[in-house]
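The next block holds one structure in the form of C-alpha cells; read it before the comments.
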Amino acid sequence: MWRFVQSLLFQPQCPLCQRPAQPLFCRDCTAQILGDRLPHPQQQWQGDFPRWVWGRYDGQLRRAITTLKFERRPDIGVWFGEQVAEQWLAQALPRCQIAPIPLHRDKQTQRGFNQAERIAAGFCRLTGYPLFPEALQRVKNTQALFSLSPGDRQRELQSALQTGPQFNRKYPWLIVDDIVTTGTTAQEAKRVIERQGGNVLGLLAIATPPFGH
C-alpha cells in the first residue's frame, strides 16, 4: 500500500499540464507536440545554407519551448534533441560536428543553461556526433531580435559572435538553435565560421513559426 502511495506522491508531473508524465510529458501533451512536427524536414535540406527544422512553433510545441527556456527545464531541450536525431538518422547525411548558437554569458548566467546546447546534447547522445559548446561565443549581449526589422537584426548581430576555444576544421559544422525565423542569427554564425576557414553543413532547429517558411 505504501509503495502505491509513494508512486502517486513522487511520480513526475508533465511540465505542461501537471498530469502524470510518461516519462517527461503526459501522453496527451506528447501527442500534441508530435502533432506539430513538420512531415518532411528533409525537403528544406537544400540550397547554400540548408535547414533541418523539426516542427511548427505553435500549440503545445511552442508551449514546450517556452517552458524549456523560461521555467528552467533543460531536460526538455535534451528530449527535443533526441526527437530530431531520430529523424536525422533515417537519412544518409554526412558526419559533422555540432556548434550550438551561444548565449551571452550574462543571459546564460541568468537562465542557468543554454537551451540550444541542451538540444544539441540530446541530438549528439543519439547520433554520436561531437558536440563543441564553445565553438562559438556571443561577445555582445544583443536584444531580442523577434521585434526588429531584418536590417535592424543584422545591425544588432554585427560583431556579436566569434569563434571560441573549441573551434576546429576537422569536420563540417552543423549549427543548432531552438527557433529559426528569418535565420539572421544562424547566417551570422555561418559567416563567422567560414571566415575562420570552417565549413558549415547547415542549420538544425526545433521549430519555425507558421510564417517562417
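Count residues from 1 along the sequence. The figures that follow rest on heavy atoms only: side chains count, while hydrogens, waters and symmetry mates do not.
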ask   = Quick one: does Gln97's side chain have a donor or acceptor within less than 3.5 Å of a partner on Tyr171's backbone?
value = yes
ask   = How many angstroms lie between OG1 in Thr127 and CD1 in Ile98, if you round to the nearest 0.5 Å?
value = 6.0 Å
request  = Look up atom CZ in Arg19 and atom CZ in Arg27, then write down how far apart they are to the nearest 0.5 Å.
outcome  = 10.5 Å
ask   = Should Pro209 and Ile179 count as side-chain neighbours, where that means a heavy-atom distance under 4.5 Å?
value = yes
task = Verify the cluster assignment for Trp54 and Leu131: are they in a single hydrophobic cluster under the rule of side-chain heavy atoms below 4.5 Å apart?
result = yes
inquiry  = Among residues at least two apart in sequence or on other chains, which ones pass salt bridge (charged side-chain N to carboxylate O under 4.0 Å, His left out) with Asp75?
reply    = Arg73
ask   = Quick one: CG on Leu38 to CD on Gln44, what's the gap to the nearest 0.5 Å?
value = 6.0 Å
key: Leu161 side, atom CG; Thr185 side, atom OG1 - distance, nearest 0.5 Å   = 7.5 Å
Review item, side-chain donor-acceptor pairs of residues 110-117, under 3.5 Å, at least two apart:
unit_1: Arg111; atom_1: NE; unit_2: Lys69; atom_2: O; d: 3.3
unit_1: Arg111; atom_1: NH1; unit_2: Gln115; atom_2: OE1; d: 2.6
unit_1: Asn114; atom_1: OD1; unit_2: Ala116; atom_2: N; d: 3.0
unit_1: Asn114; atom_1: ND2; unit_2: Ile101; atom_2: O; d: 3.0
unit_1: Gln115; atom_1: NE2; unit_2: Asp178; atom_2: OD2; d: 3.4

request  = Kindly say whether Pro102 contributes a backbone atom to a donor-acceptor pair with the side chain of Arg138 at under 3.5 angstrom?
outcome  = yes
task = Of all the heavy-atom pairs spanning Phe49 and Gly202, show the shortest one and how long it is.
result = CE1-C, 3.6 Å
message = Minimum heavy-atom separation for Gln60 and Cys29, please, with both atom names.
response = NE2-SG, 3.2 Å
inquiry  = Please check: side-chain N/O of Gln162 versus main-chain N/O of Ser159, any donor-acceptor pairing under 3.5 Å?
reply    = no
query = Are Leu174 and Trp88 side-chain neighbours, meaning at least one heavy-atom pair lies under 4.5 Å?
reply = yes
query = If we only count heavy atoms from C-beta on, is the Thr30 to Gln22 side-chain gap below 4.5 Å?
reply = no
query = Taking all atoms of both residues into account, what is the closest heavy-atom pair of Leu203 and Trp45, and its distance?
reply = O-CZ3, 3.9 Å
inquiry  = Between Phe132 and Val78, is there shared hydrophobic-cluster membership here, with clusters defined by ILVMFWY side-chain heavy atoms closer than 4.5 Å?
reply    = no
inquiry  = Using the side-chain contact (heavy atoms from CB on, under 4.5 Å) definition, which of the options Ile65, Val53, Asp177 pairs with Ile206?
reply    = Ile65
ask   = Is there a chain of hydrophobic side chains (I, L, V, M, F, W, Y, each step under 4.5 Å between heavy atoms) that links Ile119 to Val180?
value = no
key: Test item: Pro15 and Glu71 side chains (from C-beta on) under 4.5 Å apart, heavy atoms   = no
query = Do Ile76 and Leu34 sit in the same hydrophobic cluster, where Ile, Leu, Val, Met, Phe, Trp and Tyr count as joined when their side-chain heavy atoms come under 4.5 Å apart?
reply = yes
request  = Please report the closest heavy-atom contact between Pro23 and Pro12, naming both atoms and the distance.
outcome  = O-CB, 4.3 Å
query = Are the side chains of Trp79 and Ile33 in touch, meaning some heavy atoms are under 4.5 Å apart?
reply = yes
message = Within the supplied structure, the quantity of interest is the number of heavy atoms (other residues, nucleotides, ligands) at a distance under 6.0 Å from Asp106 CG; does it exceed 12?
response = yes
ask   = Between Leu61 and Leu204, is there a shared hydrophobic cluster once you connect ILVMFWY residues whose side-chain heavy atoms come closer than 4.5 Å?
value = yes
inquiry  = Determine whether a donor-acceptor pair (N or O, by modelled atom type, separation under 3.5 Å) exists between the side chain of Trp173 and the backbone of Asn168.
reply    = yes
key: Nearest-0.5 Å distance, CZ of residue Arg195 to OG1 of residue Thr163   = 7.5 Å
ask   = To the nearest 0.5 Å, how far apart are CZ in Arg62 and CZ in Arg56?
value = 14.0 Å
message = Using side-chain heavy atoms (C-beta onward) and a distance below 4.5 Å, is Pro165 in contact with Gln137?
response = yes
ask   = Between Phe80 and Ala64, what is the shortest heavy-atom contact and its length?
value = CZ-CB, 3.8 Å
query = Do you know the tightest heavy-atom contact between Leu201 and Pro50?
reply = O-CG, 3.3 Å
